[in-house]
Each structure stands twice: as structure tokens, then as C-alpha cells.
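Here is how names work: the chains are called A, B, and so on, in the same order as the sequence lines, proteins then strands, and each is numbered from 1. Note that the structure is predicted; figures quoted are calculated from it, not measured.
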Amino acid sequence: MSRSSRGLYLIPYYLWMVLFVALPVVLVAYYSLFDIEGHFTLSNYASFFTPVYMRMTLSSFWYALLITLFSLLVAYPAAYALTRTKHKQLWLLLIILPTWINLLLKAYAFIGIFGTYGPVNSLFKAIGLGEHQILFNDFSFVFVSVYIFIPFMIMPIFNALEDINPTLIAASRDLGASSFVTLRRVIFPLTLSGVRSGCMAVFIPALSLFMLTRLIAGNKVITLGTAIEQHFLVTQDWGMGSTVAVFLILIMAVLMPVLGGGREVRK
Amino acid sequence: MTDKNRLGKVYLFIVFVVLYAPIFYLMYYSFNSGGNMHGFEGFTLEWYSEVFHDTRLIIIVINTLVIALLSSAIATIIGIVGALAIDRIRRKRVKNTILSLNNVLIVSPDVIIGASFLILFTIAGIRLGFASVLLSHIAFSVPIAVLMILPRLQEMSPTLVDAARDLGASRRDVLMKVILPFISPAILSGFFMALTYSLDDFAVTFFVTGSGYSTLSVEIYSRARAGVSLSINALSTLIFLLTVILVVGYYLVSRSSMRNRKKERAAELGVPE
């Protein structure tokens, strides 16, 4: 084989990278400079800094943060308990299984469960709490989001816990640390990388849950993801949609090194 | 200590109940003759027959499967090439840059991928429909395939390739008879991973399906917005069963490859079995 043809088979990959990684980002940046009539303008950027979009950005990140936090609170003990079971791999598989069910089907199920005549309300009535509107508010939005993301939080934490050398825990116990101190000073710090990648795996998709805001939150929660979807597919204002996307990309670029997610993926 | 273990088990049990509740809830009401998701009136298979008589729905299921299989296959091939390319790079800085670029689509929020692909396809003049959905699914599956294959490639001892070359194998032979067989378990798991991502994707697909074309998640979204229909429940029960079969298959495949890997490692260290 001649020298020049050696790299020829690498072309599809690099082509993919240029066409589907670099070009889309450039195009989004380019489109953010045009208004809805196609005139070149910076007005999109001006309107992004109005209170409407600022509030949306803040609430978007606030919800993503809440979802990440609650997922972590639920997932960490679960991952810990998982490592103590027999047949760990099988149980882990059973945790992962629900993620293979289409997200929209699960969201759809919650419409029934949280509905006025659903089982949760019947339970409330049975214990004398009365009927409540659980659907279409921020509670149901956060609950369903956490539900959807929990397996993605459990997996990396479980892996990190499994990687801990058991002699470290034994040493900590030998040196007189209580099990709580061991958890706080030995186990938790050693699983930080898993916690971090779990948080990344939850936080980023949580920013773009526009289908849940529509189905579960009844349009009462508006996030940046919802705004982008609205601009692109409903009002057809691609310029403004792109501007929101540009800011989302920028914020992510700032957050990424802080959360240090890239490193986990690379490993 | 046993007390604490029991506490953990109870907690895990609750997590499992919550995780599976919605799924079994859907399955339970798929047999309800009452036509709603509260108050079970009687057992019926009416909704299943509705699913099987809904030609539009069947076409959509086929579309979804075709897109998933085709896009994962193509993405896996590009992913193999990508992993080989990255593995060849010697300079660390270049390698890290390429790897970060590779991961851009994995770490970007779906809406941004969807929106930017919508712009891309519109400018390129690609009609929204089968082609645009297929291309975008290939696009977001490639980095996943690369990430699954690359570690296996790096695990491979370079002496294997050297030995093959010394024995007179051509570059082509080295690739086909040494490298590819060695990384084949990783290729398989990359393919499965791409398949799941493709089957599960909603946000990206939603942006790039025009009006005439639909995949399952887009269809469920529009039906769920229109209101409760138990044929969705029946459909989800069927999907759940299919998924369980797929997962069990994947589990068996990954377990056997793990066992192989353990054996290889043992062999490398000279440990007798």
C-alpha cells in the first residue's frame, strides 16, 4: 500500500467531525446574528439580556441544579446499598433496565399516576389528605426528571464505589473511625469522580427537557431548552433560538472544566 | 451491621418499586376495558388488537427500527475508523483535542444538537424526513461507538501487531485478521449502545423529522399530548417485553466478553486456569 493511501480510510471519521461537530456550532453562531426577517442584526443579543430571558436562564439552571441535587441524594445511598448486595451486576442491570424504556412512555405513565383520579391522589384521599393537583406544577416536573435521571447517577457512583480498595476501609476502621466518619472521610472523597460524572450526566440533559416541561409541567416551567424548541419549531424565529443556544453553549463551556466531566469520559 | 444491611436492602427495594411503578402501571392498564388509566373495569385485549390494526403505527415502529439498525451499523463503522485514527495519534495534545471534539456531541444538550442539525439540513437542502433523521442518528452515535471501541484498542498489546508484521502480514491482513477480531467485543457493545441511544432519542429526532415522517418517540409525544389512549399502554407493554429480550441479550454478550477478557488477562500473566 502506498504512503498516500494509508490515511485514506480515516476520511469518513474526519468528515463526520467537520460536518456534524464543527459546522453545526458555526452555523448556530452565524444564525444568531439574524432577526426573524433575515436582516443582519445584534438585536437578538440585546433581547437576551432583557429580564425575560435572564429569568428564564436563572430558572433553567435552578431546576437543573435541583434535579441534580435530588438525584444525587437518592442515588448515592442506592449505589452504596447496591455494592453490598449479592449478584450486584444483576441488580445493577435491573436499575439500568428502565432507561431502555422510552422516556416519553415513562412521562406518559406519570400523567396517569399523578392525575386527578390517579393512584397517588386516591392514596391521599384514603389517608385523609384530600385531593390535590399534583400534575402540571414544578413538583411533578422535578419528580419525574429525577425519576428519569436516577439510573444515570447510580451507575458512575456504583462504579466508583466498586473501585475502592477494601483495605482502605478496613484500615480506617482499624484506626478507630466510626462507620459514619469512614463514609465521610474515606469513602465519599474516593467516589468524588463518580459523583462528578453522575452530576454531569444529569445536569446537562436536565437543561433540555422541553418535552417534560410540556407534558408534565403543563408549560408552567420554561427552561432554555423549551425556549430553543419554541423558537425553532413554533415561532420559526431561528435567530433568537440560535442566540439562546449560543449562550447555553457558552455557559456549558464555562461549567465543563469546573465540573471536570470531560476527564471522566476520556478515562 | 446486619441491621444496617437490612436498612440498605429496604431502601433499594423502595428505589426499585419507584423505578418500576410507572412501567407496570402502564402494563396493568393496557388490559383495562374501561378505556382510561383509573378504575380497572375488566380484562380485554382490545388495545393490543388496536395496535396491530393501526397500520400507521406499525409503519412508524418499522421506521424506528430501520433507523436504529442502519444508523448504529454505519456509526459503528465510522466509530471503528475513528478509534483507529485516534489510537494512531502519538502527540498527546493533538490526541486530547481530537478526543474533546469527539465528545462534543455527547456532552451537548439535545436541543442544541437538534436545532443545529435542523439548520445544517435546511442549508444543505436535505429534505426533512428519513434522510435527515438517519444522518442525525449516525452523527450522535459515532462518538459513542468511538468511546466504546478506543479503550479496547488501547488495551491491545503492540507486540501483537509487530508479530503479525514480522510474519509477513500486509497492513490489510493486520487490520482484518488481528486488530478487528481483537476489538470485536467492543465493536458489538458500541453497536448495542448506539442502538439504545437511537431507539430512545426524542429531542434530536423531534427537530429533524419534517411533517410526513415520524419515529416512535415523536409519535408517542404527539399522542400523549392529545390525551390518554390505552393503545399507547399496549404498545409500551410490547416495547417493554422487546426491551427485556434485548437487554438480556446484551447482558449475555457483555458477560461472555468480560469472561474472555479475564481469561486473556490471566493468560498474559501466565496464570493457569
Side-chain angles (χ1 to χ4, degrees), chain A residues 1 9-10 12-13 16-17 20-21 23-25 27-28 31 74 77-78 80-82 84-85 93-95 97-98 100-106 108-113 115 117-118 147 150 204-205 207-208 210-211 214-215 225 228-229 232-233 238 241-242 245 248-249 256 261-262 265-266, chain B residues 5 8-9 11-12 15-16 18-23 25-26 29 37-39 78 81-82 84-85 99-101 103-112 115-120 123 139 142 147 171 196 199-200 202-203 207 216-217 220-221 224-225 228 232 236 239-240 243-244 246-247 251:
Chain A
M1 217 181 256
Y9 71 100
L10 301 176
Y13 181 67
W16 166 81
M17 219 170 233
F20 292 104
V21 179
L23 198 57
V25 179
L27 284 174
V28 166
Y31 263 76
V74 178
Y80 188 75
L82 259 182
R84 310 266 124 169
T85 54
L93 187 78
L94 284 175
I95 292 268
L97 191 69
W100 288 52
I101 309 293
N102 201 298
L103 182 145
L104 286 143
L105 284 178
K106 288 178 283 187
Y108 175 74
F110 275 107
I111 298 178
I113 292 175
Y117 306 106
Y147 167 83
I150 277 176
I204 295 164
L207 290 170
S208 61
F210 69 87
M211 51 288 191
R214 294 229 194 284
L215 288 177
I228 294 173
E229 188 254 354
F232 268 91
L233 300 176
W238 288 17
S242 298
L248 194 47
I249 295 172
M256 208 71 86
V265 182
R266 239 171 262 162
Chain B
N5 263 341
K9 276 200 185 113
Y11 182 73
L12 256 190
V15 170
F16 272 110
V18 175
L19 271 181
Y20 282 90
I23 296 165
Y25 183 78
L26 282 182
Y29 280 105
M37 278 207 274
H38 52 267
I78 302 177
V81 170
L84 287 171
L99 270 173
S100 325
L101 277 176
N103 295 343
V104 166
L105 287 185
I106 293 183
V107 296
S108 320
D110 289 346
V111 257
I112 291 187
S116 61
F117 283 2
L118 176 61
I119 298 179
L120 180 74
I123 285 188
V142 167
L147 282 187
R171 291 178 54 83
T196 21
L199 287 173
D200 201 42
F202 166 72
F207 274 86
L216 209 51
S217 26
I220 295 165
Y221 179 68
R225 287 186 80 178
V228 171
I232 300 185
S236 63
I239 294 174
F240 181 73
T243 306
V244 170
L246 262 174
V247 170
Y251 179 66

Fill in: Engaged part of Leu23(A) at the chain B interface, taking heavy atoms whose separation is under 4.5 Å
side chain
Practice prompt. Just give me the residue among Val28(A), Ile113(A), Leu207(A), Ile150(A) that pairs up with chain B most often, heavy atom to heavy atom, under 4.5 Å.
Written response: Ile113(A)
Worksheet entry | Geometric class of the Phe232(A)/Phe207(B) ring pair [parallel <30°, tilted 30-60°, perpendicular >60°] | perpendicular
Worksheet item: Considering only heavy atoms from C-beta outward, does the side chain of Ile123(B) approach that of Tyr31(A) to under 4.5 Å?
Response: yes
Item to complete: May I ask you to decide if Val142(B)'s main-chain N or O and Trp16(A)'s side chain share a donor-acceptor pair within less than 3.5 Å?
Response: no
Discussion item. Looking at Tyr80(A), I'd like to know if the NZ or CZ of Arg84(A) sits under 6.0 Å from its six-membered ring centre while staying within 45 degrees of the ring's axis.
Written reply: yes
Fill in: is_close_aromatic(Tyr108(A), Tyr221(B)), centroid dist under 6.0 Å
no
Worksheet entry | Parallel, tilted or perpendicular: ring planes of Phe202(B) versus Phe210(A), cut at 30 and 60 degrees | tilted
Discussion item. Quick check on the interface: out of Leu120(B), Ile78(B), Ile220(B), Leu19(B), who has the most heavy-atom pairs with chain A under 4.5 Å?
Written reply: Leu19(B)
Fill in: Contacting region of Val15(B) [heavy-atom separation from chain A under 4.5 Å]
side chain
Practice prompt. Pick one of side chain, backbone, both or neither for Met211(A), based on which atoms fall under 4.5 Å of a heavy atom in chain B.
Written response: both
Fill in: Check against side-chain contact (heavy atoms from CB on, under 4.5 Å), Phe240(B) and Leu26(B)
CA-CA 10 Å; Phe240(B) 181 73; Leu26(B) 282 182; over 6 Å; no
Worksheet item: Looking at Asp110(B), Leu118(B), Val244(B), which one has more heavy-atom pairs under 4.5 Å with chain A than the rest?
Response: Leu118(B)
Item to complete: Name the region of Ile204(A), side chain, backbone, both or neither, that has any atom closer than 4.5 Å to a heavy atom of chain B.
Response: both
Practice prompt. Would you mind checking which part of Leu199(B) comes under 4.5 Å of any heavy atom in chain A, side chain (CB onward), backbone (N, CA, C, O), both or neither?
Written response: backbone
Worksheet item: What part of Pro98(A) lies closer than 4.5 angstrom to a heavy atom of chain B: side chain, backbone, both or neither?
Response: both
Discussion item. Is it the case that the ring center of Tyr147(A) lies less than 6.0 angstrom away from the ring center of Phe110(A)?
Written reply: yes
Item to complete: Select, from Ser108(B), Pro109(B), Ala21(B), the one with the greatest count of heavy-atom pairs under 4.5 Å involving chain A.
Response: Pro109(B)
Worksheet item: Does any heavy atom of chain A fall under 4.5 Å from the side chain of Val104(B), the backbone, both, or neither of them?
Response: side chain
Fill in: Ser217(B) portion near chain A, given a 4.5 angstrom heavy-atom threshold
both
Response to the item:
Turns out that what part of Leu101(B) lies under 4.5 Å from chain A's heavy atoms comes down to both
Worksheet item: How close do Ala78(A) and Tyr11(B) get, heavy atom to heavy atom, and via which atoms?
Response: N-CE2, 3.3 Å
Worksheet item: Can you say whether Tyr25(B) sits under 4.5 Å from chain A via the side chain, the backbone, both, or neither, judging by heavy atoms?
Response: side chain
